[in-house]
Amino acid sequence: MAGRPREVLTLQLGHFAGFVGAHWWNQQDAALCRPTDAKEPPGELCPDVLYRTGRTLHGQETYTPRLILMDLKGSLSSLKQEGGLYKDKQLDAAIAWQGKLTTHKEEIYPKNPYLQDLLSAEGVLNSDGIWRVKSIPNGKGPPPFTTATTPKPVIPTEGSIRVWSDFLRVHLHPRSICMIQKYNHDGEAGRLEAFGQGESILKEPKYLEELEDRLHFYVEECDYLQGFQILCDLHNGFSGVGAKAAELLQDEYSGRGIITWGLLPGPYCLGAALPFHCGAILATALDTITVPYRLCSSPVSMVHLADMLNFSGKKVVTAGATIPFPLVPSQSLPDTLMQLGEATPWTPLSACGDPSGTCCFAQSVVLRGLDRACHTSQLIPGTPLPSPLHACTTGEEVLAQYLQQQQPRVRSSSHLLLTPCKVVPPYPYLFSSSLSQQGLVLDGPPTGAAVESIPVLGALCSSSSLNRTLGDLAKDLARLDLRRWASFMDAGVEQDDLEETLQELRSLAQCYQSGDSLMD
């Protein structure tokens with residue numbers, strides 16, 4: 001399979017998943033638009049894993065996310081459901097009726113000024129109504145970045161961000177957006193609140209067939225589909241949509257990898273409460289921890305990654321990240337890791353409390369964005385070594401040995417990349433002025449330059465902290481009186497269904513007892 005992309009199809013289910021996904025795709029887009037004088041070498045990550053090539057009806061080449069997203073009525077703002085790159089033949093055929101027509105128009109949302117700036121930078125709408133995309137070098141991404149011709153970008157303000165489509169800077173394929181019209185995004189009535197409501201959506205032939213058609217469209221054009229990643233809201237009825245979608249994928253595409261990222265807006269993400277900010281942090285973490293199955297060289301398949309992390313009945317992992325990784329330019333990676341001491345080197349992004357004192361069973365760790373010169377110790381020969389890490393000859397060896405010291409009985413997989421995470425606009429300003437443009441800690445006064453990329457440490461862990469988290473969730477659910485929740489009852493949830501789910505949850509929690517390790 002060398003040289004062939006191992007494609008992944010992404011499903012985004014829910015509005016907060018849309019916030020995370022918009023940042024995620026913006027970061028992928030920024031990585032495609034790598035400056036011609038970039039220091040990091042290209043080719044570590046394969047964009048074809050996430051993107052697909054195509055052509056418009058006018059013969060222009062396109063490069064769009066391999067994506068299916070579902071959201072509610074009123075969530076798109078000024079974004080058209082069919083996208084803006086090219087028209088779908090089936091959509092055109094739907095309006096071929098020559099008889100008398102009655103037109104009903106909904107209120108048009110004003111376009112975010114940031115998106116107006118984006119359109120002027122990436123293409124032009126001709127007088128014939130056809131969108132002409134500017135030339136795509138090598139068939140991928142917008143034109144290369146040049147300081148002479150690129151205008152200063154318009155930064156979206158927090159007040160201008162109503163929905164995720166207000167800051168999405170990539171063009172989507174016409175088959176990407178699937179709207180659920182029976183529920184409303186805004187207002188108090190007609191909300192998608194309960195798990196059962198979400199489950200029932202994909203029991204309706206209309207929505208089930210629409211999802212299946214879109215799945216078949218994307219899957220059939222893949223040469224080697226490795227699996228599906230699902231970004232899904234957990235705090236509303238989209239949790240039920242995600243559960244039914246995962247069941248559908250398991251039934252129709254058995255043997256393929258399925259990794260679900262359950263998403264909750266703040267307050268767990270480093271104190272960020274706004275969806276625009278919280279979504280950016282989670283997208284940056286996802287852009288790092290998904291690296292293993294997006295590599296150009298020696299990728300780890302989604303199935304292998306899941307099998308490595310989950311065994312003996314385990315199905316859930318926690319995520320953590322250090323954003324940005326705190327490296328001072330005058331220091332080496334061994335120096336920085338030594339300063340971290342015995343503390344967990346990343347901040348938990350999952351609502352599992354303090355990870356200290358927990359037992360880790362398996363972990364996948366990715367560190368990216370550090371220049372090769374700082375991977376190993378630069379001490380003068382003959383200088384006493386501060387730690388065994390300073391004796392390592394490669395950065396990969398430094399990271400692997402550090403993880404072995406931290407968790408000696410844990411199955412660990414680690415990757416070290418030169419490629420950083422891009423945080424250019426519309427990524428929000430979250431970083432201190434004490435960071436350089438490359439996200440490194442300045443050892444001098446601030447330069448005033450905006451941070452454009454950052455080093456990130458990310459991890460997926462299967463640990464005993466999930467025993468308490470899942471057990472506590474089962475206890476909270478057991479105290480729930482379904483009769484007090486009309487949306488649950490209306491969705492057809494029975495007490496027996498809840499009891500069965502509770503038992504499954506308790507059994508899953510037991511899989512994470514601290515005595516259940518690889519070495520027992």
Side-chain angles (χ1 to χ4, degrees), residues 11 13-14 16-17 20 195 198 227-236 238-247 249-250 256-265 268-269 282 285-286 288-290 292-293 300-321 344 346-366 407 410-413 458-478 498 500-518:
L11 278 69
L13 309 176
F16 183 63
V20 177
F195 181 93
F228 307 86
Q229 57 181 13
I230 304 175
L231 281 62
C232 181
D233 287 7
L234 289 184
H235 57 295
N236 54 42
F238 274 103
S239 55
V241 177
K244 293 300 291 185
E247 288 180 13
L249 296 177
Q250 286 178 321
R256 308 296 187 186
I258 303 173
I259 297 181
T260 301
W261 308 107
L263 303 172
L264 288 169
Y268 302 107
C269 296
L282 291 178
L286 284 176
T288 299
I289 59 182
T290 59
Y293 56 83
V300 177
S301 71
M302 297 180 77
V303 171
H304 181 78
L305 178 63
D307 289 345
M308 190 275 291
L309 291 170
N310 290 327
F311 49 88
S312 303
K314 299 178 180 67
K315 298 180 180 179
V316 184
V317 294
T318 63
T344 303
W346 47 76
T347 299
L349 297 178
S350 302
C352 293
D354 186 0
S356 61
T358 61
C359 173
C360 182
F361 309 123
Q363 60 186 2
S364 171
V365 179
V366 176
Q407 302 277 5
V410 173
R411 178 195 291 177
S412 290
S413 171
L460 293 174
C461 301
S462 175
S463 79
S464 60
S465 65
L466 287 161
N467 173 256
R468 183 184 62 191
T469 300
L470 297 173
D472 288 348
L473 178 58
K475 292 177 183 177
D476 290 341
L477 289 175
L498 180 60
E500 182 179 348
T501 301
L502 286 173
Q503 187 54 47
E504 292 176 356
L505 195 56
R506 295 186 188 106
S507 298
L508 182 60
Q510 291 176 358
C511 295
Y512 294 89
Q513 292 179 346
S514 57
D516 181 19
S517 69
L518 285 172

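All heavy atoms count here, side chains included; hydrogens, waters and symmetry mates do not. The shown structure was predicted, so the numbers you read here are calculated from the model rather than taken from an experiment.
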Under the side chain to side chain contact (heavy atoms under 4.5 Å, CB included) test, which residues partner [X], sequence neighbours left out?
X: L508; value: K315, V316, L470, Y512
X: Q407; value: C360, Q363, V410
X: F195; value: E199, S239, A243
X: Q503; value: R506, S507

What are the two closest heavy atoms between [X] and [Y], and how far apart are they?
X: A285; Y: A321; result: CB-CB, 4.1 Å
X: L11; Y: A245; result: CD2-CB, 4.3 Å
X: S364; Y: P292; result: OG-CG, 3.9 Å
X: P265; Y: H235; result: CD-CE1, 3.4 Å
X: F361; Y: Q513; result: CZ-O, 3.4 Å
X: L13; Y: G242; result: CD1-CA, 3.5 Å

* R411 side chain vs M308 backbone, donor-acceptor pair below 3.5 Å ->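 Yes: the side chain of R411 pairs with the backbone of M308.
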* Asked: Donor-acceptor pair, S350 side chain versus T318 backbone, under 3.5 Å?
  ->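 Between the backbone of T318 and the side chain of S350 there is no qualifying donor-acceptor contact (under 3.5 Å).
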As an exercise, state the distance from [atom1] of [X] to [atom2] of [Y], rounded to the nearest 0.5 Å.
X: L477; Y: T501; atom1: CG; atom2: OG1; value: 8.5 Å
X: L282; Y: L263; atom1: CG; atom2: CG; value: 6.5 Å
X: D307; Y: S301; atom1: CG; atom2: OG; value: 7.5 Å
X: H304; Y: Y293; atom1: NE2; atom2: OH; value: 14.5 Å
X: L309; Y: I259; atom1: CG; atom2: CD1; value: 8.0 Å
X: F16; Y: L234; atom1: CZ; atom2: CG; value: 10.0 Å

* To do: Not counting sequence neighbours, which residues clear side chain to side chain donor-acceptor pair (under 3.5 Å) with N236? List them please.
  =>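 For N236 the side chain to side chain donor-acceptor pair (under 3.5 Å) partners, ignoring immediate neighbours, are D233.
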* E504: partners by salt bridge (Lys or Arg N to Asp or Glu O under 4.0 Å), with sequence neighbours left out ->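 Partners of E504 under the salt bridge (Lys or Arg N to Asp or Glu O under 4.0 Å) test: none.
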* Are W261 and V20 close enough that some pair of their side-chain heavy atoms sits under 4.5 Å apart? ->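 In short, these two side chains do not touch, never coming nearer than 4.5 Å.
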